[in-house]
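Encoded as structure tokens, the structure appears first; notes follow it.
Sequence positions, counted from 1, serve as the residue numbers for this chain.
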Amino acid sequence: MTGRASRTKGRRRGAEAVTEQVDGGVAELVPDPDRPRARTLLIDGAPQSHVDPDEPTYLDFAYQRRLGHIADLAAPPGRPVQALHLGGGAFTLARYVAATRPRSTQQIVELDARLVQFVRRELPLESGWRIRVRDGDARAGLAKVHDDWADLVIVDVFSGARTPAHLTSTEFMAEVRRAMRPGGCCALNLADGPPLAHLRAQIATVRAVFPELCLVADPAVLRGRRFGNAVLLASERELPVAELTRRAASDPHPGRVEHGRALADFTGGAAPVTDASAQPSPAPPERVFE
């Protein structure tokens with residue numbers, strides 16, 4: 001997450017921000033002063049994603065870089081994959097996969113149909129990319145995905161800066177596993193702050209469904225010093241922990257990877273979340289976006 005960008009009134013082009021009323025609030029595409037055509041997507045002032053159409057492999061946000069590392073490690077370099085993105089935003093990770101793994105087949109499920117139209121118009125996808133965008137709820141869209149279809153599932157869904165409750169349960173994760181090919185992997189973008197109860201519960205929830213998992217985040221977030229993002233990686237197979245650790249540590253904003261006993265200790269006695277007990281993720285404090 002980054003600082004709050006200033007707003008402009010109405011829809012403007014060129015060097016000015018472009019704004020649009022979408023289902024989830026006011027969407028803005030704010031120019032990046034360092035990159036001619038790059039834009040940051042904000043919803044009601046909250047940064048969602050960053051896109052550079054001239055260089056789709058460039059990932060500006062720390063959590064997106066970590067998801068990019070996972071996409072890189074999901075299969076041998078350059079090999080096409082079948083990827084499912086629950087949550088669309090500005091399609092940043094789908095663009096990244098299309099650029100780094102040509103001929104990949106991808107599906108995006110995004111609830112906000114007006115946001116999809118806005119992003120398609122202002123930041124269109126390249127015609128040769130095999131990316132299908134579906135409007136609708138993430139869990140409902142997931143239910144339509146064939147068994148054993150995805151090599152990679154990325155769950156990055158926020159409504160009003162919170163992950164909806166029905167996307168935090170063991171039942172939801174079981175549906176994710178159903179849609180994944182044997183040996184595939186799933187990455188979840190989670191947001192939490194002290195005392196990190198939501199993050200710990202999500203680790204317990206994913207562990208109830210997948211035997212292998214690891215967590216990568218800013219050390220300050222893991223120590224409960226501030227609100228922020230953490231990316232949880234899960235699979236049926238052994239994870240590339242050493243390489244992910246190396247990549248995360250070399251990022252502009254270095255991340256720490258927790259795995260095995262250290263991750264179990266971090267999770268503590270947190271219990272898995274079910275549909276009956278699920279709650280949305282906590283709202284970030286207002287100062288996060290100031």
### Query
With side chains defined as the heavy atoms from C-beta onward, is the minimum distance between V18 and V30 less than 4.5 Å?
no

(message) Could you walk me through whether L215 and L233 satisfy the side chain to side chain contact (heavy atoms under 4.5 Å, CB included) test, starting with their C-alpha distance in whole Å, then the side-chain angles of each, then the deciding distance to 0.1 Å, before giving a yes or no?
(response) CA-CA 6 Å; L215 183 73; L233 172 62; over 6 Å; no

**Message:** With heavy-atom distances below 4.5 Å as the criterion, would you say the side chains of F118 and L29 are in contact?
**Reply:** yes

Does the distance from a Lys or Arg side-chain N to an Asp or Glu carboxylate O, for R261 and D265, drop under 4.0 Å? yes

Open item on the list: I want to check something: taking the side chain as every heavy atom from C-beta on, are H69 and R246 in contact at a cut-off of under 4.5 Å?
Closed with: no

| message | So does R103 get a backbone contact from the side chain of R130, meaning a donor-acceptor N/O pair under 3.5 Å? | response | yes

Would the distance check show the side chain of T163 and the main-chain N or O of S281 forming a donor-acceptor pair, the cut-off being under 3.5 Å?
no

Steps toward side chain to side chain contact (heavy atoms under 4.5 Å, CB included) verdict (W149, Q107)
CA-CA 11 Å; W149 184 84; Q107 296 184 45; 3.5 Å; yes

message = Evaluate H85 against Q106 for side chain to side chain donor-acceptor pair (under 3.5 Å), listing each step before the verdict.
response = CA-CA 8 Å; H85 304 262; Q106 302 186 75; 2.6 Å; yes

> Would you say R207 and L263 make side-chain contact, with heavy atoms under 4.5 Å?
Replying inline: yes

Hydrophobic clusters here meaning ILVMFWY residues chained together by side-chain heavy-atom distances under 4.5 Å, can you tell me if V153 and V81 are in one? no

For R101 and D72 the tightest heavy-atom approach is NH2-O, 2.8 Å

Between P102 and G78 the two heavy atoms that sit nearest each other are CD-O, 4.4 Å

Given the options V273, T274, L188, T205 meets side chain to side chain contact (heavy atoms under 4.5 Å, CB included) only with V273

CD (E258) and CG (L213) are apart, to the nearest 0.5 Å, by 11.5 Å

Checklist line | Heavy-atom check, side chain of S159 versus side chain of P164, under 4.5 Å | finding: yes

In this structure, SG of C214 is separated from CD1 of I70 (nearest 0.5 Å) by 6.5 Å

Does some side-chain heavy atom of V145 sit less than 4.5 Å from a side-chain heavy atom of L84?
yes

Same cluster for V257 and L239 if Ile/Leu/Val/Met/Phe/Trp/Tyr side chains link at under 4.5 Å? yes

- Item | Residue pair T168, H198: steps toward the side chain to side chain contact (heavy atoms under 4.5 Å, CB included) verdict | CA-CA 9 Å; T168 67; H198 173 75; 4.1 Å; yes

Item to complete: Measure the shortest side-chain to side-chain distance between S49 and T40 over non-hydrogen atoms and say whether it is less than 4.5 angstrom.
Response: no

Query - Sidechain-backbone polar pair: T19 side chain, E28 backbone, donor-acceptor under 3.5 Å - result: no

Query raised in the report: Going hydrophobic residue to hydrophobic residue with side-chain gaps under 4.5 angstrom, can you get from L190 over to F227?
Result: no

Problem set entry | 4.5 Å side-chain heavy-atom contact, I43 and F158 | no

Correct closest heavy-atom pair for E171 and R139 would be CB-NH2, 3.5 Å

**Report entry** Charged N-O contact under 4.0 Å between E20 and R121
**Finding:** yes

Review point. So, the side chain of D147 versus the backbone of A179: is there a donor-acceptor pair under 3.5 Å, distance only?
Key: no

- Exam field: side chain Q48 to backbone A46, donor-acceptor pair closer than 3.5 Å: yes

Q) Does a salt bridge link R177 with E175, judged by any charged N lying under 4.0 Å from a carboxylate O? A) no

Note: D44 and G24 closest approach over all heavy atoms is OD2-O, 3.6 Å

### Message
In this structure, would V241 and L232 fall into the same cluster of hydrophobic residues linked by side-chain contacts under 4.5 Å?
### Response
no

One should read off an interatomic distance between L142 CG and L86 CG, to the nearest 0.5 angstrom, of 5.5 Å

Pair R181 + D148: basic N to acidic O under 4.0 Å:
no

Check your understanding: So, the side chain of Q21 versus the backbone of G25: is there a donor-acceptor pair under 3.5 Å, distance only?
Key -> yes

Closest non-hydrogen contact found for A90 with L41 is N-CD2, 3.8 Å

- [ ] May I ask you to say whether R35 pairs ionically with E55, meaning some side-chain N is under 4.0 Å from a carboxylate O?
- [x] yes

- Can you check whether I203's main-chain N or O pairs, donor with acceptor, with T267's side chain at less than 3.5 Å? no

- Are the side chain of R65 and the backbone of P252 linked by a donor-acceptor contact shorter than 3.5 Å? no

SG of C186 to CE of M180, rounded to nearest 0.5 Å, is 6.0 Å

- Query: Would you find more than 12 non-hydrogen atoms of other residues, nucleotides or ligands less than 6.0 Å from R114 atom CZ?
  - Reply: yes

What one should report as the nearest heavy-atom pair of V221 and G228 is CG2-CA, 3.8 Å

Same cluster (ILVMFWY, side-chain, under 4.5 Å), V133 and L115: yes

In this structure, CG of N189 is separated from CG of L67 (nearest 0.5 Å) by 6.0 Å

(message) Does the plane of the ring in H50 sit parallel, tilted or perpendicular to the ring in Y58? Use 30° and 60° as the thresholds.
(response) perpendicular

> So, does S169 use its side chain to make a donor-acceptor pair with the main chain of F172 at under 3.5 Å?
Replying inline: yes

I'd like to know whether E122 forms a side chain to side chain contact (heavy atoms under 4.5 Å, CB included) with R39, so could you lay out the CA-CA distance, the side-chain angles of the two residues, the decisive distance to 0.1 Å, and finally the verdict.
CA-CA 10 Å; E122 301 295 337; R39 300 291 183 268; over 6 Å; no

Output for pair (F91 CZ, L123 CG), nearest 0.5 Å, gives 9.0 Å

_Would the distance check show the side chain of E110 and the main-chain N or O of D112 forming a donor-acceptor pair, the cut-off being under 3.5 Å?_
yes

Result for salt bridge (Lys or Arg N to Asp or Glu O under 4.0 Å) between D218 and one of R225, R226, R66 points to R226

Does atom CZ of R237 have more than 12 heavy-atom neighbours, drawn from other residues, nucleotides or ligands, at distances under 6.0 Å? yes

